[in-house]
Amino acid sequence: MSTQILMPALSPTMEEGKLARWLVKEGDTVKSGTILAEIETDKATMEFEAVDEGRIGKILVPEGSEGVKVNSPIATLLADGEDASSAAAPSAKPEAPKPEAAAPASAAPSAPKFEIASDPSLPPGTEMVMTTVRDALRDAMAEEMRRDELVFLMGEEVAEYQGAYKISQGLLQEFGARRVIDTPITEHGFAGLGVGAAFDGLKPIVEFMTWNFAMQAMDQIINSAAKTRYMSGGQMSCPIVFRGPNGAASRVAAQHSQDYSSWYASVPGLKVIAPYFAADAKGLLKAAIRDPNPIIFLENEIVYGRSFEVPKIDDFVLPIGKARVVKRGKDVTLVSYSIAVGLALEAAEKLAADGIECEVIDLRTLRPLDMETVIASVKKTNRIVTVEQCWPVCSIGTEVSAQVVAQAFDYLDAPPGKVTGKDVPMPYAANLEKLALPTVDDVITAVKSVCYRS
Amino acid sequence: MPEPKTAPNIANAESLKKMYADMLLIRRFEERAGQLYGMGLIGGFCHLYIGQEAVVVGMQAATKPEDQVITAYRDHGHMLACGMDPKGVMAELTGRSGGYSHGKGGSMHMFSSDKKFYGGHGIVGAQVPLGTGLAFANRYRGNQGVSLTYFGDGASNQGQVYEAFNMAELWKLPVVYIIENNQYAMGTSVARSSALQDFSKRGVSFNIPGVQVDGMDVEAVEAAGKEALAYCRSGKGPIILEMKTYRYRGHSMSDPAKYRTREEVDQVRETRDPIEHFGKKLIQRGVATEADLKMVDNEIKQTVIASAEFATTSLEPGPAELYTDIVI
Ligand SMILES: Cc1ncc(C[n+]2csc(CCOP(=O)(O)OP(=O)(O)O)c2C)c(N)n1
Ligand SMILES: [Mg+2]
């Protein structure tokens, strides 16, 4: 009985790919481990191996085909002694059930479709170019490395592999191995080494493959990088940027899915940046690299592939410590940062249909916090909901709410609302992971609650 | 080719055949896991052990029931070798309630207190002090157990490995450090990451002896494992075994593996494959016939199919599981 060979998913977010090349032809005998084909996704070309043994019957999808859906049949496999004719109508093997797991809620790489208030610092008429957050970050590093010979990039797989998440694509080729440096897996060591180099005036960008692994390096970040200017009475400077993806990725479980925003934001001596939009990623990373202080730059893996407008300006640098009102509204203030800005905007759009107009603020920088912008908004709307992915206890939203209560208590018409991830380690199971993460509906519920609507 | 009807009476024929079957189970299990990943039934990271089967099977053949095992995220092989149920392992990979962690841990995080398997750890190098702690517990209790602590060539550069080495030797803890040198840490070859590439010497400055072992030869691994375990059990302290091995697949499922050539992989597969070679040896020595091995393969395929069936029909964990097992 012949079976079907199905188009494989090469990552949990892949929905379709290009069947670049067949490495077997009809009639070839294959066994497990035989490489059948090369499959191309937007990120990589991968080889696809046979699992079962048999003979290739019909090739159903010719090489070079684009947009081949995951789990669609691409060839038939004949068992011993079977001839190709019986394969023409392969016995209907039920298509693999596509579980919830295949479509993580947070993976859709879509930009919100409604208008976003532009950054006030942009000259009117600036040309905008759609750019992924991934490319914006790379461009920021490349521009700063061209500008300043003291800037270098160091981390695991940043050079030859082009970055585990392809953020440093092309940098080794342009700047060479002296300035784009692959390290061993020794986070505590290379973080400390970077801090030492920064003490001497170099400007390291230290990439953590993900921020989860920076816990290995925590002591050097906090005790060495953050505190030395103070302890030295201002003699010593530590111009270093620590960057990498932060927060939940997809289905990677508790040790690889954690948001460290409030951890770092609580440390005097650090500046902490957590952008959402590509323009902010670029403008703030450039600012971070120029800044004379140690900077924690929190990116987000799910956001890397999202495209947004980036102004076409020669040297686009944004101020650290300034929030941005990304959508104007009069009824309630949503305060957010990083990937949760996407949630806040989507909720705002839905709530608008219900007659609730949200003002959405992207904090962009978490330390120092731009409370001025938040307070000004709350004085207008009289209600606030914070929206973030991290754990609820001691979160950024907790801090923002406390400051709002302290500084604008008389303006509030309702207690501050707070949307966060659940107070649990990140589970692996698809259904539980979904439950652990904040959703658009959570935001809508919280907004209605502070507006006393149901 | 005429084959003898029954294999001649070879003293350890059964244990040799068991090692063959154990390796093959891991291979077939991993192939199926790769396939389920391709179908979207497994998510996140999934690190396959294909190519390295002889290491864990040879070591496990040398252990006693009181010994503990701990490793990193490339752990499916270790769990199967420890005797954990393929159904429970596969169901954890699919994130279902029938999995060892009820779907909450996934591929990288599984445990079995019953089989003395202590995980399943996602942070490179973290399991090395943990495994040393298991050895400490053995000494503290005064039992005969030895901790088998596995880690990779890449993990060998983490600082905490050496902090653990020092304490282990200082306090003569019964731990075998098994360095699975598969020559790459993601896309970084040993030559590009390690000042000293002979990992068996990594304990020299702590006085920990080390041995290099052909990790593609299950009998060599078993022999080295027996000696190492005897060394630890006699109270002499820790020992290092560097296993020279190779992973055939990408680092995880989404690794395009451009850092090595297809020829390099094929060359290892053809000349050093731990299962193929051992199978041939068994036939040559008259321990098993070709037909015997085929039968083993067929049985294993059924086991693996059953595990995949279980893993795709077992229910997702109930929503209440989100809040269980955090603290008690
Ligand atoms: C502390 C830490 N840093 C980085 C990573 C990302 N990472 C996962 S596996 C890996 C490579 C490890 O290689 P090796 O120790 O040789 O084990 P192998 O994967 O070859 O089995 C890296 C860098 C991690 N999980 N933990
Ligand atoms: Mg390795």
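The chains referred to below are lettered A, B, ... by the order of the sequence lines, with proteins before strands, and numbering in each begins at 1.
- In this structure, A:R251 and B:T94 approach most closely via the heavy-atom pair NH2-O, 4.3 Å.
- In summary, A:K31 and B:E276 engage in a salt bridge, as defined by a charged side-chain N under 4.0 Å from a carboxylate O.
- At a 4.5 Å heavy-atom cutoff, the contact between B:Y259 and chain A is made by side-chain atoms alone.
- Of the listed residues (B:V161, B:I50, B:I123), the one with the most heavy-atom contacts under 4.5 Å to chain A is B:I123.
- In this structure, the portion of A:L23 lying under 4.5 Å from any heavy atom of chain B is its side chain and not its backbone.
- In this structure, the portions of B:A185 lying under 4.5 Å from any heavy atom of chain A include both its backbone and its side chain.
- Both the backbone and the side chain of B:M186 come within contact range of chain A, judged by heavy atoms closer than 4.5 Å.
- B:S254 and A:L10 make their closest contact through CB-O, 3.2 Å (heavy atoms, listed as atom of the first residue, atom of the second, distance).
- The nearest pair of heavy atoms linking B:Q35 to A:V51 is CB-CG2, 3.8 Å.
- Side-chain contact check for A:E157 and B:T188: at least one donor-acceptor pair (N or O, by modelled atom type) lies under 3.5 Å.
- Under the rule for a side chain to side chain donor-acceptor pair (under 3.5 Å), the partners of A:D219 that lie at least two apart in sequence or sit in another chain are A:N223.
- By number of non-hydrogen pairs under 4.5 angstrom with chain A, the leading residue of B:S194, B:S97, B:G187 is B:G187.
- No salt bridge links B:R262 with A:E49; every basic N to acidic carboxylate O contact stays at or beyond 4.0 Å.
- Among B:Q158, B:K104, B:H121, the residue with the largest count of heavy-atom pairs under 4.5 Å with chain A is B:Q158.
- Within residues 422-429 of chain A, the residues approaching chain B closer than 4.5 Å by heavy atoms are, in numerical order, A:K422, A:D423, A:V424, A:P425, A:M426, A:P427, A:Y428, A:A429.
- By the side chain to side chain contact (heavy atoms under 4.5 Å, CB included) test, B:A308 is found to be paired with B:R32, B:L36, residues two or more places apart in sequence or in another chain being considered.
- For the residue pair A:L432 and B:P317, the shortest heavy atom distance occurs at CD1-CG, 3.6 Å.
- At a 4.5 Å heavy-atom cutoff, B:D325 makes no contact with chain A through either its backbone or its side chain.
- The shortest non-hydrogen separation linking B:L322 to A:A436 is CD1-CB, 4.0 Å.
- Residue pairs meeting the salt bridge (Lys or Arg N to Asp or Glu O under 4.0 Å) criterion with at least one member in residues 176-196 of chain A, sequence neighbours excluded: A:E149-A:R178, A:D182-B:R192.
- When each of B:G95, B:G38, B:S252 is scored by its heavy-atom pairs under 4.5 Å with chain A, the top score falls to B:G38.
- At distances below 3.5 Å, not a single donor-acceptor pair connects side-chain atoms of A:N431 with backbone N or O atoms of B:E316.
- Of all heavy-atom pairs between B:M108 and A:V252, the closest is CE-O, 3.3 Å.
- At a cut-off of 3.5 Å, with distance as the only test, a side-chain donor of B:R28 or A:S32 sits close to an acceptor on the other residue.
- Between A:H256 and B:H109, the ring-plane angle classifies as tilted under the 30° and 60° cut-offs.
- Of the charged side-chain nitrogens involved, at least one lies within less than 4.0 Å of a carboxylate oxygen, so that A:E53 and B:K301 count as a salt-bridged pair.
- With a threshold of 4.5 angstrom between heavy atoms, A:M215 does not approach chain B through any atom at all.
- With chain A as partner, the option from B:G103, B:P319, B:S193, B:A155 having the largest number of non-hydrogen pairs under 4.5 angstrom is B:G103.
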